[in-house]
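Written out below as structure tokens is the structure these notes cover.
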Number of protein chains: 2
Amino acid sequence: MPKKNPQNSKPVITIAEVAKAAGVSIPTVSRILNNKEYVAEETRDRVNQAIQQLGYVPHIQARQLRGAASRTLALHHPIESPHDLSSVIETSYFTGTAEAASEKEYFINFLVSQLTPEALVNMYRSNQIDGIILLQVRIDDWRVNLLRENNYPFVMIGRCADLESLSFIDLDFEKAMLLAFDHLVELGHRSIGFLTYPESWNKAGIGPAVRSLDGYKQALNKHDLSGCYREIGLTSVEEGFEATNDLLQENPDLTAIITVSHLTAAGSIKALVQHGRSVPQDCSVMTIGFGGNFANVVTPSLTTLEWSPYEISYQAALLMTDRLANEQLPAQQILVPPKLIVRESTKEVN
Amino acid sequence: MPKKNPQNSKPVITIAEVAKAAGVSIPTVSRILNNKEYVAEETRDRVNQAIQQLGYVPHIQARQLRGAASRTLALHHPIESPHDLSSVIETSYFTGTAEAASEKEYFINFLVSQLTPEALVNMYRSNQIDGIILLQVRIDDWRVNLLRENNYPFVMIGRCADLESLSFIDLDFEKAMLLAFDHLVELGHRSIGFLTYPESWNKAGIGPAVRSLDGYKQALNKHDLSGCYREIGLTSVEEGFEATNDLLQENPDLTAIITVSHLTAAGSIKALVQHGRSVPQDCSVMTIGFGGNFANVVTPSLTTLEWSPYEISYQAALLMTDRLANEQLPAQQILVPPKLIVRESTKEVN
DNA sequence: CTGAAAGCGCTTACAG
DNA sequence: CTGAAAGCGCTTACAG
């Protein structure tokens, strides 16, 4: 008599029933299920037929109890309020990792709650996850320190300071700044403003914030320019507007502005237009960030240096599954440069 | 000698070791772990101390083997290509469900691969999930039919045709259309165009597409107006641009346009401006859809009727966990009206 | 090539 | 209030 699953009162078929139906022992069925060697062709057929007929499905948890991997990955973004997450994270970060995981037959859990160090360790210890992908990695990140110390497998999207034998994939923000300046300087611009990440991000050691500013300074140096920048919120058109007014007051002959978000770029354009400067005729604007359709929503459409969060996160998940498939694999460290897409918002200086 | 975890060569503490350390039997530790009655205060303290000292963490899979729930939910969007998912789904759908799940101590798996009926059933049968949240539900949806037939717990974001004893939360698109017309008619508009979902969505029986068009017709009826609409892609500024040109040609004295995406609204505005009509002076534009900062990116900022995908998906996950906590719970059916936010793009007719 | 036996870590009746 | 025993569904040596 098959036992009942309490949740739905459907009978649950076990390996024992398959074995009985096929007239073989349980280990034989197990071998066939796991594609082990040494099974008679004829036996295999008989068992597979029984599996089909009974609609047998292996019980994942029981399998894992024998020490097997959980075949589950986690993706973690350390945000205080999950409600705000949507404004700082791209959907494609989810879909890219999920797709890669699915291809490699892993499940993926998205961790949203505030994760304590204890909870993180527990996820590994209680065999809930085999590995984790870390988002928004800080220069000095407790998660990295903890996982490294415990020797638990993980991969970063982003990177910390000490990268010794750690795997990561990161956006190359320094390269991005250099490319942005190359583009603008080539168009004749010499007075270039920068609207970057909030000061709080920089202070917290969040990679893009720190490295954007570094890259900005390197670029100024390379082209022998003096700079002016503001550290502002990413998700507010209004802040882009005000910061641009501010920049214009400090430096009225600005001919180009670089932003790190489409939203602040939109604010920037509004401010410029209000100052009687049309874009791109009187001032160029360009944005460094994730691709998507929004570059075309703004008028004029935005010239961008962009990355695909889908590709990045897809790669990250692959880094993780590769490492899990082969413990000996040396650390992989990948820096991805952005792609320049020239649209309407940048132009030769008058 | 604690056994080694093959993955990371850290010792794994089991309930047996806790029992030994505390000088009690295994069932006693188990009772304390699960807050069962009848445990001596003194014993409990001793065991808890041992748990602390050893850093013991229960092995989830072993626990589940005894028939316990997996405490895992899945979220499923039936898209062919995961790569495109980011353009049709809001990040907040992930974070809202994930947050609610986390509060209720559930894990959540995002299913991205093309899910076969067999795979879906297997997830329940092999005890991988306790329930699923369905996105992008069609009027006639194989997932709904299958799950209903098998009596597996699920919740829809959206809804199908036969809702008998099914739980769902859905955006009230008919109400949205009515509210949009109420707003515009009140401003004196009588000639109102509509840029709606692609024809393919309507033919496929995808709820928002079907019900938007229904609502549009109801609204025309209510206000005794004649309509003109186009079915176009959601994610392309260009298509909004062209469809608006098209609409203007058919009906030159259009004074308002309703769209279902910020992107097409942006295209619409571009087209209007190109026709020498400024927004909102010569023509109003408004959008029905998810909230976010993008209404402000467009110039002029968009008047919207908006829903919060975070709230919706949070509620959906709660519907699911409530049902799981209490099998007897009657089906919950929730229809959410959008909120009108008047910005700059709508204005009284001249 | 196949099966009997042990055991993964835990919980649940059943005795005491 | 506590423990000995059985068992969840599966896999893995170990014999044959």
To the side chain of A:Ser25, which of C:dG3, D:dC10, C:dC10 is closest? C:dG3
I need the CD1-P distance between B:Ile32 and C:dC10, as an integer number of Å. 14 Å
If D:dG16 has a Watson-Crick or G-U wobble mate with both distances under 3.5 Å, name it; if not, just say none. C:dC1
Evaluate the side-chain proximity of A:Thr97 to A:Leu73: yes if any heavy-atom separation is below 4.5 Å, no if none is. no
Among B:Ile15, B:Ile13, B:Val18, which residue meets the side-chain contact (heavy atoms from CB on, under 4.5 Å) test with B:Ile51? B:Val18
With a 4.0 Å cutoff (strictly under), does any side-chain N or O of B:Thr28 reach OP1 or OP2 of D:dT2? no
Using a cut-off of less than 4.0 Å, is there contact between a side-chain N or O of A:Thr43 and OP1 or OP2 of C:dT2? yes
The nucleotide from C:dT2, C:dA5, D:dC10 with an atom nearest the side chain of A:Arg31 is C:dT2
Side-chain heavy atoms of A:Phe168 within contact of A:Leu319, under 4.5 Å: no
Check the distance between D:dC8's C1' and B:His59's NE2 and give it to me in whole angstrom. 14 Å
Heavy-atom side-chain contact between B:Phe94 and B:His77 under 4.5 Å: no
Take atom CD1 of A:Ile13 and atom P of D:dC8, then tell me their distance rounded to the nearest Å. 15 Å
Select one nucleotide: of D:dT2, D:dG3, C:dC10, the one nearest the side-chain heavy atoms of B:Ala40. D:dT2
Side-chain N or O of B:Thr14 versus OP1/OP2 of C:dG9: is the shortest distance under 4.0 Å? no
Between D:dC1 (C1') and B:Glu42 (CD): distance, integer Å: 12 Å
Looking for any heavy atom pair under 4.0 Å, which part of the strands does A:Ile26 touch: base, sugar-phosphate only, or nothing? base
Is there a side-chain contact between B:Phe154 and B:Leu166 in this structure, where contact means two heavy atoms from C-beta onward sitting under 4.5 Å apart? yes
The side chain of A:Ser30 is closest to which nucleotide in this list: D:dT11, C:dT2, D:dC10? D:dT11
Rounding to an integer number of Å, can you tell me how far A:Arg44 CZ sits from C:dT2 P? 9 Å
Atom CG of B:Asp45 to atom C1' of D:dT2: distance rounded to whole Å? 16 Å
A:Glu17 CD to D:dC8 P, in whole Å, measures 11 Å
Contacts of B:Glu41 and A:Pro58 projected onto DNA chain D by closest heavy atom; the upstream (5') one is B:Glu41
From CD1 of B:Ile15 across to C1' of C:dT11 the rounded distance in Å is 8 Å
